[in-house]
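Heads up: the structure comes next, in structure tokens.
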Amino acid sequence: MEKKYNIVIVGGGTAGWLSAARFAAALGPNVGVTLIESPTVPTIGVGEGTWPSMRTTLQATGLSEREVIQRCDASFKQGTLFRGWVTGQHDDVYMHPFSLPADYSVSNLADWWQSTSQATDFCQLVTPQMSVALANKAPKSPQMPDYAFALNYGYHIDAGKFAQLLHEHSVQKLGVVYVSADVMSVEVQAGQIEQLILSNGSAISADLFIDCTGQKALLIGQYLESSFVSMSDTLPNNRAVVTQVPYVDKSAEIASCTLSTAQSCGWVWDIGLQSRRGVGFVHNSTFVNVDEASSILLEYVANTSGKDIADSVKTRVVDFEPGYRPQPWLGNCVAIGLSAGFIEPLEASALAMIEQGISLVLDNFPHHASLFAPAARTFNQKMQENWQSIQEFLALHYALSQRDDSEYWRRARSPERFPERLRDKLQLWQYRAPSHRDAPRYDELFPAASYQYVWLGMKAHQFNSQPLVANTSMMNPKYVDRLLHDVREKTMQLTQSLPSNRALVDALIR
């Protein structure tokens, strides 16, 4: 009888349990999946924003959307609303939505918009999503099937409750074996993990090990000594102070997008769940000490929820070094989650990179030993491209800021800090808007549309030279008028017909 293939995942949390659920669901009964979780190490549990890709991931595990909403205090996310990033003024607002611009596959309305100096915000002109989100409306109606939508969406989710749901689903429905124990030592031979020695006295071996031990990177870092590349010279932040904020009114509207509000020396995220908001102040420890950072966070809470709430919440500190491992797959071990890398919470890439890592393992699954080396090379190359793509896109937000009110912002937007590829694009975009040419691969993490929303949302065209070529000549004015008319009609229809985010959630949890 052929030996059963075994996968051992070390570490729980979202990374560990999402890996367990996906592997068990995709690989079936011929592959055994075991998850070892320490009973003494708490999970970080701050990753509460997802991309639309999470819908596909959840479907693949067999979870229903209704159950996720019911069990995980979850709500619907349609993108990120940025406030104060350009100038810090009251009217300094733009959105990076999840829906693409109208006729995106064949037209580039960004070039047309930039060349004609439109007064209307680019995002509001080319998609209904910003208007819908600003009205706190949901991206779908309660009658729609699981994961179907009127407007593209992801989730805001309680990370601890999400991991618990995945734990139960993986063990009870998918046959994952759960072991509660600490890893005391790891036996390595010729770059391969032979077995793990556990605190319960047992030894466990596997064909493939998945390291989900967070920033500790127990297997991939401590025992296999995979190198770590810091991005602190490119991106400005290395710490967050976080808290959970209850709603003053339990029936209060739930924001339909992540709020990102720039401060004089960092920025605050604000994520609306059903019963509370997750709020965090992201900054650099060089410019702000912990007490100052906590004061900035609590001032934000007081301004949005009142002083009584601000006085009642508890804060905690999360330190991180922005960076990644260029070889997250070494031998028979793959790092997924924080053990592979982390940059910062901006644009919520952490859970998306967990999804990417899991999918790439499945796409290149090493069914026998001869496949480990080519699978690892393919995985490492793609994951390194993903990290560099995230680095570039996040740096764009700082590069386009005009804020000059602190040393933090002067340093964050210094051109010499940007990746060379981004510097080249910024020069080219003086004369044309971002286009498909800038993100040509079908599997880009951030398509050209994302660059368009940030570039034009931050009004870069207003402080750069006029386009060298009037690209409007390439687009029929009547055709553009019809596209924009259709967007306006759809915006009106959706804002009138869609329920609020709170109403949709209430309908699904009944």
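In this text, all values refer to a predicted model and were calculated from it rather than measured experimentally.
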inquiry  = Please determine whether side-chain hydrogen bond (donor to acceptor under 3.5 Å, both in side chains) holds for the pair Gln391 and Thr234, giving the CA-CA distance in whole Å, both sets of side-chain angles, and the decisive distance to 0.1 Å.
reply    = CA-CA 8 Å; Gln391 176 194 34; Thr234 303; 3.1 Å; yes
ask   = Would you say Glu299 has more than 12 foreign heavy atoms packed within less than 6.0 Å of its CD?
value = no
message = I need the minimum non-hydrogen distance between Ile336 and Gly357, along with the two atoms involved.
response = CD1-C, 4.1 Å
key: Smallest separation among heavy atoms of Met231 and Ile343, with atom names   =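 So the two residues come closest at SD-CD1, 3.6 Å.
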Evaluate the side-chain proximity of [Y] to [X]: yes if any heavy-atom separation is below 4.5 Å, no if none is.
| X | Y | answer |
| --- | --- | --- |
| Phe281 | Ser295 | no |
| Arg83 | Leu259 | yes |
| Lys216 | Gln222 | yes |

ask   = Under the salt bridge (Lys or Arg N to Asp or Glu O under 4.0 Å) criterion, do Glu420 and Lys425 qualify, and how do the steps go?
value = CA-CA 9 Å; Glu420 182 179 19; Lys425 289 178 179 178; over 6 Å; no
inquiry  = Going by side chain to side chain contact (heavy atoms under 4.5 Å, CB included), Gln274 matches just one of Asp506, Val505, Asn501. Which one?
reply    = Val505
Could you check whether [Y] and [X], counting side-chain N and O atoms only, form a donor-acceptor pair closer than 3.5 Å?
| X | Y | value |
| --- | --- | --- |
| Glu344 | Trp267 | yes |
| Gln402 | Thr87 | no |
| His397 | Glu347 | yes |
| Asn238 | Ser285 | yes |
| Trp455 | Gln114 | yes |
| Ser305 | Arg277 | yes |
| Glu321 | Ser230 | yes |
| Ser435 | Asn108 | no |

message = Please check this pair: side chain of Thr243 against backbone of Lys314, looking for a donor-acceptor N/O pair closer than 3.5 Å.
response = yes
message = When you measure from the side chain of Gln384 to the backbone of Gln381, do you find a donor-acceptor pair of N or O atoms at a distance under 3.5 Å?
response = no
Ring centroids only, cut at 6.0 angstrom: are [X] and [Y] within range, meaning strictly under it?
| X | Y | answer |
| --- | --- | --- |
| Tyr178 | Trp17 | yes |
| Tyr94 | Trp85 | no |
| His96 | Tyr451 | no |

request  = Verify salt bridge (Lys or Arg N to Asp or Glu O under 4.0 Å) between Lys140 and Glu65, making sure each step is shown before the conclusion.
outcome  = CA-CA 13 Å; Lys140 62 186 295 180; Glu65 183 172 59; 2.8 Å; yes
request  = Could you point out which residue of Tyr147, Phe149, Tyr153, Phe98 forms a ring pair (Phe, Tyr, Trp, His ring centres under 6.0 Å) with Phe76?
outcome  =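 Among Tyr147, Phe149, Tyr153, Phe98, the one that satisfies the ring pair (Phe, Tyr, Trp, His ring centres under 6.0 Å) with Phe76 is Tyr153.
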task = Flag this pair as yes if the NZ/CZ of Arg413 is under 6.0 angstrom from the six-membered ring centre of Tyr408 and inside a 45 degree cone about the axis; otherwise no.
result = no
Test salt bridge (Lys or Arg N to Asp or Glu O under 4.0 Å) applied to Arg410 and Asp405, step by step = CA-CA 8 Å; Arg410 286 188 286 272; Asp405 51 328; over 6 Å; no
query = How are the rings of Tyr453 and Phe122 set to each other: parallel, tilted or perpendicular (split at 30° and 60°)?
reply =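 Aromatic pair Tyr453/Phe122 classed tilted.
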inquiry  = Walk me through whether Asp438 and Arg421 qualify under salt bridge (Lys or Arg N to Asp or Glu O under 4.0 Å).
reply    = CA-CA 10 Å; Asp438 300 304; Arg421 193 169 66 171; over 6 Å; no
